[in-house]
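Working notes for the structure below.
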2 protein chains.
Amino acid sequence: MKEEKAESILNTAKKMFGRYGLQKTTLDEIARMARVAKATIYNYFGSKDRVYLEVLRREANEIVEKISFSVGQEVLPGDKVIAFARAKFQYMRQAINILNLDRDGIEKVLPKAESIRSELFEREVDIICSILEEGVKKGVFYLNNVPLAASAIGHALRGFELNWLVQENEEQIEYHLDELTNIIFYGLVSEKRSANA
Amino acid sequence: MKEEKAESILNTAKKMFGRYGLQKTTLDEIARMARVAKATIYNYFGSKDRVYLEVLRREANEIVEKISFSVGQEVLPGDKVIAFARAKFQYMRQAINILNLDRDGIEKVLPKAESIRSELFEREVDIICSILEEGVKKGVFYLNNVPLAASAIGHALRGFELNWLVQENEEQIEYHLDELTNIIFYGLVSEKRSANA
DNA sequence: TTTAGACTAATATCGTTTTTTAGTCTAAAA
DNA sequence: TTTTAGACTAAAAAACGATATTAGTCTAAA
């Protein structure tokens with residue numbers, strides 16, 4: 001029941017996979033770096049792929065967790081939307097392996113890995129969905145089809161996510177994201193505006 | 001001055017590159033399929049890369065042209081935004097090589113090719129920009145920073161573009177796109193709504 | 001339980017040979 | 001003049017076999 005062993009293995013694996021990728025990282029190296037026997041890794045995870053998938057799974061969970069926390073800090077649905085967007089982009093940075101996953105096009109990598117990626121997307125949409133639902137219930141948002149709207153916003157945010165991998169300047173992302181949330185709030189045709197940049 | 005030769009070469013090249021990619025397509029094949037001598041291709045284009053880049057350039061131009069036309073058909077700025085989104089996704093389908101370009105992650109391909117891709121993005125943003133500008137001038141859109149808003153919308157649409165490569169069902173895209181434009185118009189906080197799905 | 005380490009079978013790497021292909025050239029045909 | 005077929009070269013890619021790594025197993029000791 002030495003949980004710390006598994007912990008140590010996964011932390012090391014996360015770093016190594018993040019730096020060198022799935023192929024170029026060997027279990028012998030991970031074992032050496034994590035100061036455990038290779039057999040121990042097999043005891044816990046059974047295969048190299050499952051170590052990798054577990055790393056991805058934890059990254060996804062961590063992101064969802066952190067986003068949920070940030071959203072939970074806010075009270076007003078509007079603030080929650082903004083918190084969501086900010087948190088997502090801030091914490092995505094730490095999910096190196098998930099990030100590399102769609103930098104590499106996903107193709108060659110395990111199908112399971114892609115499903116974790118798309119599951120993350122759906123969980124994000126779920127969070128957006130519940131924010132929107134709350135907003136509608138409170139009478140501050142007006143939407144015909146909440147799940148559809150959530151999904152659309154989710155897709156829109158993906159555009160930033162993927163471009164951001166190339167773009168380096170964090171400020172640019174901030175600006176654009178602010179403008180997008182602004183539009184999402186008030187639309188193009190409303191006179192109401194939040195504080196301008 | 002036999003323009004038709006160049007035309008034939010480019011049409012054939014577009015098909016072959018689209019089907020087999022840059023690497024797996026040989027100039028000998030293109031020459032054979034286009035019923036011209038290989039030397040003729042070199043007369044016109046000078047190198048294989050330049051043939052490929054010319055194909056990309058034409059695809060980009062065609063898209064911009066078709067989008068501009070579709071947008072031009074509409075009078076109201078709101079309709080123009082919708083026309084833009086629809087046209088973009090409809091005609092992107094035909095730009096096979098540009099599409100493959102970011103399916104393959106762009107990495108391995110020529111740097112010039114990427115610049116054509118990002119140039120296309122900027123031209124699209126320019127179109128959106130002028131639509132928004134017109135809307136603001138006519139008093140139907142309200143925006144602090146038009147270019148920023150245009151860029152944000154452009155990024156948002158990229159999210160669909162990239163996801164759509166994986167998703168097969170065209171209808172889904174339609175639905176989501178409709179919802180997104182709806183949000184972009186009226187925002188989350190406005191009671192005004194267009195006809196619902 | 002964990003460990004070090006030996007072990008195997010599959011996979012990847014590497015260096016070499018062979019083939020393909022981008023790009024050039026020429027002389028004839030259009 | 002321009003285009004063509006085809007020969008040609010140099011460079012890159014594919015094929016291939018030999019070598020080395022590495023995923024995964026097993027064992028006996030700690």
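Residue numbers begin at 1 in each chain, while the letters A, B, ... track the order of the sequences. Computed from a predicted structure; not experimentally measured.
Whole-Å rounding puts the Lys48(B) NZ to dT20(C) P distance at 15 Å. Rounded to whole Å, atom P of dA22(C) lies 14 Å from atom OH of Tyr52(B). Here dT21(D) presents its C1' atom at 13 Å from CZ of Arg32(A), a figure rounded to the nearest Å. Whole-Å rounding puts the Glu4(B) CD to dT3(D) P distance at 10 Å. Rounded to whole Å, atom C1' of dG24(D) lies 10 Å from atom CG of Asp28(A). Here the C1' atom of nucleotide dG5(C) and the CG atom of Leu27(A) are 16 Å apart, to the nearest Å. Rounded to whole Å, the distance from NZ on Lys5(B) to P on dA30(C) is 13 Å.
Residue whose closest nucleotide on DNA chain C sits further toward the 5' end, between Asn43(A) and Gly46(B): Asn43(A).
Side-chain atoms of Lys66(A) and Gln90(A) form no donor-acceptor pair, as typed in the model, at a separation below 3.5 Å. No donor-acceptor contact under 3.5 angstrom links the side chains of Glu133(A) and Ser130(A), judged on distance only. No side-chain N or O of Gln73(A) forms a donor-acceptor pair with one of Lys80(A) less than 3.5 Å apart.
Set against dT2(C), dT24(C), dT25(D), the side chain of Tyr42(A) has dT25(D) as its closest nucleotide. Taking the side chain of Tyr44(A) as heavy atoms from C-beta on, and the options dT4(D), dT2(C), dA23(D), the nearest nucleotide is dT2(C). Closest approach to the Ser47(B) side chain among dA22(C), dG23(C), dT2(C) is made by dG23(C) (side chain taken as heavy atoms from C-beta onward).
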Below 3.5 Å is the cut-off: list the nitrogen or oxygen pairs between protein and nucleotides 10-16 of chain D, distance only.
none

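A salt bridge is absent between Asp79(B) and Arg86(B); no separation between the charged side-chain nitrogens and carboxylate oxygens falls under 4.0 Å. The pair Arg57(A)-Glu54(A) counts as a salt bridge, with a side-chain nitrogen and a carboxylate oxygen less than 4.0 angstrom apart. At a threshold of 4.0 Å, the pair Glu65(B)-Arg123(B) does not count as salt-bridged, since none of the basic side-chain nitrogens sits closer than that to a carboxylate oxygen. The pair Lys14(B)-Glu7(B) does not meet the salt-bridge criterion, since no charged nitrogen lies less than 4.0 angstrom from a carboxylate oxygen. Glu134(A) has a carboxylate O that lies under 4.0 Å from a charged side-chain N of Lys138(A), or vice versa, which qualifies the two as a salt bridge.
For residues 33-41 of chain A, proximity to DNA chain D is found at Lys38(A), Ala39(A), defined as any non-hydrogen atom under 4.0 angstrom from a strand atom.
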**OP:** Taking Watson-Crick and G-U wobble pairs with both distances under 3.5 Å, convert DNA chain D into its dot-bracket string, 5' to 3', dots for unpaired and | for cross-strand pairs.
**Re:** ||||||||||||||||||||||||||||||
Original post:
Under the salt bridge (charged side-chain N to carboxylate O under 4.0 Å, His left out) criterion, do Glu59(A) and Arg93(A) qualify, and how do the steps go?
Top reply: CA-CA 11 Å; Glu59(A) 283 188 357; Arg93(A) 282 242 151 84; over 6 Å; no
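Contact of the Ser47(B) side chain with the Val51(B) side chain is not registered, since no non-hydrogen atoms from C-beta on lie closer than 4.5 Å.
Atom CG of Leu157(A) and atom CZ of Phe84(A) lie 6.0 Å apart (nearest 0.5 Å).
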